Amino acid sequence: MSEAKLFGVSEEWKSRAFIDEARYRDWYRRSIDDPNGFWAEHGRRIDWMKPFTKVKDTSFDPHNVSIKWFEDGTLNISANCIDRHLKDRAGQVAILWEGDDPSESKAITYSELHGHVCRLANVLKAHGVKKGDRVTIYMPMIPEAAYAMLACARIGAIHSVVFGGFSPDSLANRIEDCRSEFVITADEGLRGGRPIPLKANTDKAIERAEQAGATVRTVLVVRRTGGKVAMRDGRDFWYEDEIAKVPAECPAEEMAAEDPLFILYTSGSTGRPKGVLHTSGGYLVWTSMTHQYVFDYHDGDIYWCTADVGWVTGHSYIVYGPLANGATTLIFEGVPNYPTASRFWEVIDKHGVNIFYTAPTAIRALMGAGDGNVQRTSRKSLRLLGSVGEPINPEAWEWYHRVVGDGRCPVVDTWWQTETGGIMITPLPGAIAQKPGSATLPFFGVQPEIVDAEGTALEGPATGNLVIADSWPGQMRTVFGDHERFVQTYFSTYLGKYFTGDGCRRDEDGYYWITGRVDDVINVSGHRMGTAEVESALVAHPKVSEAAVVGYPHDLKGQGIYCYVTLMAGEEPTDDLRKELRNWVRSEIGPIASPDLIQFAPGLPKTRSGKIMRRILRKIAEDDFSNLGDTSTLADPTVVDNLVENRQNKR
Ligand code: PRX
């Protein structure tokens with residue numbers, strides 16, 4: 001859109017940033033024309049134990065999808081994130097921790113981080129964890145969560161972090177899927193003053209996972225709140241007891257570039273969440289390089305990403321990218337509105353935060369709380385603002401820029417996914433003028449294309465589906481235990497290209513505007529969810545015979561969860577039942593999956609072959625009745641009238 005506002009790059013930013021416009025154009029061209037040369041150079045930004053001689057070896061051919069980067073190099077990620085900084089910055093703060101309660105915070109230096117991670121790595125070894133074993137981490141936002149990830153990386157174990165807001169069932173599925181025998185958790189988490197029963201959830205999850213054939217041998221429990229928890233003899237151990245028994249030195253295991261680093265479960269269109277697998281070398285090159293250039297990170301900066309380590313943003317931009325760069329990274333345990341809606345801005349002032357990275361859903365909520373909450377804080381330390389997780393509406397972007405950043409901080413709207421490992425489309429603050437709502441231009445090595453339904457790449461300004469034409473170092477390598485699912489999900493829709501699942505528009509300046517998911521994935525407050533997961537939770541309820549779930553536009557959450565539910569014969573559609581179903585889904589998946597609206601539907605629109613026509617359900621949920629399309633192929637067209645008549649009120 002030519003009428004979109006343009007926020008140009010200031011003179012100050014042109015000269016201070018690592019990358020100005022000329023360098024962006026130059027490097028970008030080289031990264032595409034000569035990927036081997038470009039990445040051979042930038043691959044050296046991290047420390048290798050044995051240098052690589054091969055660079056890119058990748059194929060998106062659906063008969064043979066294979067992605068390898070820097071394949072013959074060896075390294076250790078924890079040594080890159082810790083040991084290599086000890087020479088020059090042992091006493092510098094690596095992790096700044098801000099507790100849920102504003103009176104609690106602490107600083108951990110690189111030298112202290114080394115000790116914590118080595119000890120925990122030794123505890124894992126003492127309990128029999130070996131290279132390649134999976135370790136599940138179900139933790140609150142405390143420094144021990146980062147120690148746990150880095151300790152796994154140190155000995156070559158593969159971590160699977162599960163968001164602390166997930167239910168016992170969700171945790172059980174994830175433990176079972178990767179057959180993890182070791183779990184690290186805490187007695188309780190603390191968010192907004194309320195305890196979260198992590199250990200009790202873990203106990204339930206293990207019981208369920210074991211019924212399904214898994215075995216959990218050891219549970220390590222960090223004491224966070226001191227709340228009373230059950231400890232099973234021989235299986236459950238206190239973290240503080242165990243680390244006291246082991247030395248504070250642990251050699252870093254030599255890992256191949258393509259050895260797995262972590263599994264992170266994420267939702268797709270169908271079936272259970274899949275275990276996205278990331279490996280070592282390419283992932284660290286990608287996350288450290290994007291962290292440096294997108295946030296224009298300079299030595300001494302205080303950097304804060306508000307994500308949870310349970311999501312990929314926390315992996316790449318709280319832990320691995322920043323620590324690989326020797327940064328000071330802030331870990332925040334709490335929520336944006338506790339004790340007041342000024343909390344974020346107070347934390348920025350308290351710690352002198354220079355770079356701040358958060359999600360549109362938080363920005364919208366805080367915008368709604370009023371400018372006064374922001375204006376009574378200074379925020380003078382801020383230099384750069386970032387956004388991630390969902391499309392940011394231009395009003396929220398401009399508020400973030402004008403009120404939070406006092407009009408002086410560039411906003412980087414970063415588009416990426418769990419699968420991409422790190423940032424893919426984004427402004428670089430010293431190089432690329434911003435348009436509110438647009439993720440702007442691709443990072444080095446990223447080749448976005450917009451394709452039509454047939455998969456033809458469109459030229460110039462265009463709207464269609466977003467694919468990436470060739471591999472980049474941070475890309476996921478496979479779905480854990482199911483390579484065929486990886487191939488089917490990402491490379492079979494548009495042959496030979498990575499399909500993102502997102503719709504997108506490219507304007508006349510070549511800027512990309514992500515319009516949201518085009519598959520059956522919804523994005524609720526920046527949390528990614530498969531509608532199929534919510535449906536299967538609903539149909540597991542004894543009173544539900546059938547369910548269909550779609551997203552609808554929601555002012556604060558971006559998308560809300562709209563459920564059409566058909567009850568078993570004889571069941572009454574009451575408000576109490578609505579409440580019961582809502583609680584049911586919360587306990588099956590977790591509070592983030594709580595349905596916003598539930599419509600009882602005597603029938604769902606189906607084709608004669610029995611397929612639910614979700615397009616129609618989506619339109620009704622969006623209040624877009626004029627445009628229901630062709631309903632003549634339905635087995636029973638009258639169900640649509642009933643659905644329209646009884647649609648749930650949004651307000
Ligand atoms: O739809 C896109 C949206 O979030 C999806 C990826 O979700 P997840 O794997 O959970 O990772 C979130 C954090 C990287 C994408 O397919 N998304 C993410 N960032 C943006 C976005 N949509 C628009 N603009 C963004 N900046």
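One is the number of the first residue; the rest follow in order along the sequence. We count ligands from 1, going down the list as the structure has it; atoms in each ligand are counted the same way. On a predicted model such as this, the values are computed, not experimentally measured, just so you know.
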Any ion pair linking Arg379 and Asp406 (charged N to carboxylate O, less than 4.0 Å)? yes
Could you verify whether a donor N or O on one side chain and an acceptor N or O on the other, from Tyr498 and Gln475, lie under 3.5 Å apart? no
Going by the angle between their ring planes, with limits at 30° and 60°, are Tyr317 and Phe295 parallel, tilted or perpendicular? perpendicular
Pocket residues around ligand 1 (non-hydrogen, under 4.0 Å) come out as Thr313, Val388, Gly389, Glu390, Pro391, Asp413, Thr414, Trp415, Trp416, Gln417, Thr418, Asp502, Ile514, Arg517, Asn523, Arg528
Could you tell me which residues satisfy salt bridge (Lys or Arg N to Asp or Glu O under 4.0 Å) with Asp502, sequence neighbours excluded, listed by chain and number? none
Could you check whether any side-chain heavy atom of Tyr552 comes within less than 4.5 Å of a side-chain heavy atom of Leu597, counting everything from C-beta outward? yes
Parallel, tilted or perpendicular for Trp345 and Phe356, by the 30°/60° rule? perpendicular
